[in-house]
Amino acid sequence: MACCSQVIEDCALERGWKIIDDEETTYPWNVYWTDTSVSTERVMALAPFQKINHFPGMSTLSRKAGLARNLTRMRAAFPKEFGFFPDTWTLPADYQDFKNQFSRKGTKTFIVKPDHGCQGKGIYLTRSWEAIDPAEPQVAQRYLRKPLLIDGYKFDLRIYILVLSCDPLRIYMCVSSAHHSVCQA
């Protein structure tokens, strides 16, 4: 097991599963839980009964910079369908274009998020390009003028979709906020 979360180990033991470490790969395991990405070679070598909690290339969706690049590409191809997210810059690659936003009229606020951050750590608002480290991997987005607030506080609302099969169509959805989650099939 290549996981540092105690809850994963506790759940496995509660179910009576045997936990093996990475060196015991010859043991016929069923589930491999890891905190890091996996190689295509490892996934291709899986037996039909083996499952892994990651898939190759998932960081292009799970990391802020990868998701921003993919959404921006989709917006360029399908502007009407992908107009739902704010103008976004992946730094340092888009730094000059981002810096140019400050020379235009009006006071603009940007939210800056570290690419590898989580749980709100390292996120800040700025109205000045000088506040941004141009070498740091991060994502900058135009901040909403009037964000939707609950009791005066900003909140997260996430919708997770898992497509189990296309024929028959089986979809699981989980809507999650900082205070509540609702999951259903």
Side-chain angles (χ1 to χ4, degrees), residues 1-20 22 24-90 93-94 111 113-120 137-139 141-142 144 147-148 150 154-185:
M1 188 155 135
C3 177
C4 62
S5 299
Q6 185 62 44
V7 68
I8 301 298
E9 186 174 334
D10 292 347
C11 287
L13 293 172
E14 189 176 285
R15 285 160 180 72
W17 295 359
K18 178 181 177 178
I19 297 175
I20 60 174
D22 282 343
E24 296 181 79
T25 54
T26 57
Y27 190 84
W29 55 271
N30 295 90
V31 176
Y32 183 79
W33 195 279
T34 179
D35 291 336
T36 59
S37 60
V38 295
S39 67
T40 303
E41 293 79 21
R42 180 169 208 133
V43 173
M44 297 301 289
L46 292 176
F49 62 88
Q50 294 176 317
K51 305 295 180 210
I52 195 162
N53 69 320
H54 288 279
F55 56 87
M58 74 182 276
S59 65
T60 62
L61 296 176
S62 63
R63 296 276 187 210
K64 292 174 191 73
L67 181 60
R69 277 190 297 276
N70 283 309
L71 284 172
T72 302
R73 284 182 193 134
M74 293 302 290
R75 179 186 275 169
F78 306 101
K80 183 179 170 188
E81 292 82 357
F82 282 84
F84 60 86
F85 68 100
D87 291 340
T88 303
W89 294 266
T90 304
D94 299 333
I111 186 167
K113 309 169 190 179
D115 182 40
H116 298 328
C118 64
Q119 299 176 335
Q138 48 197 339
V139 171
Q141 293 180 305
R142 179 143 318 139
L144 300 172
L148 180 61
I150 296 178
K154 185 176 175 270
F155 64 96
D156 283 349
L157 176 66
R158 299 176 185 198
I159 301 173
Y160 299 94
I161 304 291
L162 173 64
V163 178
L164 289 180
S165 68
C166 294
D167 190 15
L169 183 61
R170 287 182 54 201
I171 299 174
Y172 285 84
M173 177 177 76
C174 182
V175 178
S176 175
S177 71
H179 304 291
H180 186 69
S181 292
V182 177
C183 300
Q184 65 185 59

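Hydrogens, waters and symmetry mates play no part in the numbers below; they use all other heavy atoms, side chains included. Index from 1, following the sequence.
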In Å, rounded to the nearest 0.5 Å, how long is the span from CH2 of W89 to CZ of R142? 4.5 Å
Find the distance between CZ (R42) and CD (Q50) and round it off to the nearest 0.5 Å. 9.0 Å
Answer yes when D94 and R69 have at least one side-chain N-carboxylate O distance shorter than 4.0 Å, and no when they do not. no
Going from NZ on K113 to CD on Q141, what distance comes out if it is rounded to the nearest 0.5 angstrom? 4.0 Å
Trace of the side-chain contact (heavy atoms from CB on, under 4.5 Å) decision for F84 with L71: CA-CA 10 Å; F84 60 86; L71 284 172; 4.0 Å; yes
How far does CD of Q138 sit from OG1 of T90, to the nearest 0.5 angstrom? 10.5 Å
Heavy-atom closest pair (F85 atom, T72 atom, distance to 0.1 Å) is CZ-N, 3.8 Å
Under 3.5 Å donor-acceptor, R75 side chain and F82 backbone: yes
Taking D115 for the side chain and A65 for the main chain, is one N or O donor matched with an acceptor at less than 3.5 Å? yes
Using modelled atom types and a 3.5 Å cut-off, is there a donor and acceptor pairing between side-chain atoms of N53 and backbone atoms of T34? yes
Nearest atoms (heavy-atom pairs only) where W29 meets F49: O-CE1, 3.3 Å
So how far is it from N30 CG to W17 CH2, rounded to the nearest 0.5 Å? 8.0 Å
Rounded distance [0.5 Å steps], CG in L13 versus CD1 in I8: 11.5 Å
Between P86 and T88 the two heavy atoms that sit nearest each other are O-OG1, 2.7 Å
